[in-house]
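The structure appears below as structure tokens.
A quick note: this is a predicted structure, and the numbers were derived from the prediction, not measured. For the numbers below, each heavy atom of this structure counts, side chains included, while hydrogens, waters and symmetry mates do not.
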Amino acid sequence: MLEVFKVFYPTHYNLAAVSVLLLLITIFLLTKKNLKVAPIFFMLLLVLNVFIYKKTNGRAWTITVEPDSAEKTYDDGFQKEPEKITFSVANWEVTDEKGKKHHWCWVEDIWETISNTDVVAAIWGENAGKKVKTSTESRINDADNLDK
């Protein structure tokens with residue numbers, strides 16, 4: 001269990017900060033002898049860490065890294081294949097030949113789905129989302145025409 005947290009928390013330090021905050025709140029409540037609320041925060045801490053462990057341990061994530069546009073072809077004209085990289089607890093960060101570090105896990109999967117959500121369309125419907133999109137695009141086009 002410690003091996004998972006040793007590789008997970010340094011990369012996803014925001015979740016580590018939440019865990020430390022829950023621990024400090026629990027310690028503070030125990031020093032104030034608030035024995036009714038302290039177990040609630042301790043249980044939240046345990047649930048968060050068990051959730052992280054279950055989602056991370058024994059799983060692997062594979063991503064496809066496309067080569068840069070300048071490096072898409074070899075000198076003899078053949079195209080380079082996209083590189084597939086698999087990440088797990090044992091292989092948490094991969095450094096490619098350029099020295100760039102790559103990492104992917106369930107946190108990035110969740111963030112990818114959240115960041116691709118159209119909030120306006122989800123709240124007010126598809127038509128409102130399209131109206132907002134077209135109005136902002138028309139404003140951008142008007143601003144471009146004013147610059148010329």
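Taking hydrophobic clusters as Ile, Leu, Val, Met, Phe, Trp and Tyr residues chained together by side-chain heavy-atom distances below 4.5 Å, Val18 shares a cluster with Phe51. Hydrophobic clustering (ILVMFWY, side-chain heavy atoms < 4.5 Å, transitive): Trp111 and Phe87 are in one cluster. A chain of hydrophobic side-chain contacts below 4.5 Å, direct or via other Ile, Leu, Val, Met, Phe, Trp or Tyr residues, connects Val7 to Trp106. Hydrophobic clustering keeps Val20 apart from Leu45 (ILVMFWY residues linked when any side-chain heavy atoms are closer than 4.5 Å, directly or through intermediates).
Taken to the nearest 0.5 Å, the OG1 atom of Thr56 stands 13.0 Å off from the CD atom of Glu3. Within the model, atoms CG of Leu48 and CG of Leu22 stand 6.5 Å from one another, a figure rounded to the nearest 0.5 Å. Residue Ile110 holds its CD1 atom at 12.0 Å from OG of Ser115, rounded to the nearest 0.5 Å. With rounding to the nearest 0.5 angstrom, the CZ atom of Arg59 is 11.0 Å from the SG atom of Cys105.
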Please output the side-chain donor-acceptor pairs of residues 27-41 that fall under 3.5 Å, not counting sequence neighbours, one pair per line with the distance.
residue	atom	partner	partner atom	Å
Thr31	OG1	Ile27	O	3.4
Thr31	OG1	Phe28	O	2.6
Asn34	OD1	Val37	N	3.4

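Side-chain contact between Asn49 and Tyr53: absent, with no pair of heavy atoms (C-beta onward) separated by less than 4.5 Å. Using a 4.5 Å cut-off on side-chain heavy atoms (C-beta onward), Asp109 and Trp104 make contact.
Every residue meeting the ring pair (Phe, Tyr, Trp, His ring centres under 6.0 Å) condition with Tyr9, not counting sequence neighbours, appears here in chain and number order: Phe5. In this structure Lys101 satisfies the salt bridge (charged side-chain N to carboxylate O under 4.0 Å, His left out) test together with Glu93, sequence neighbours excluded. Listed by chain and number, the residues in a ring pair (Phe, Tyr, Trp, His ring centres under 6.0 Å) with Trp92 are His103 (sequence neighbours excluded).
At distances below 3.5 Å, at least one donor-acceptor pair connects side-chain atoms of Asn116 with backbone N or O atoms of Glu112. Of the possible polar contacts, none joining the Asn57 side chain to the Val4 backbone as a donor-acceptor pair under 3.5 Å is found.
Taking a 4.5 Å side-chain heavy-atom cut-off between Ile, Leu, Val, Met, Phe, Trp and Tyr, the cluster of Tyr13 contains only that residue. Other members of a hydrophobic cluster containing Val50 are absent, since no ILVMFWY side chain comes under 4.5 Å of it, directly or through relayed contacts.
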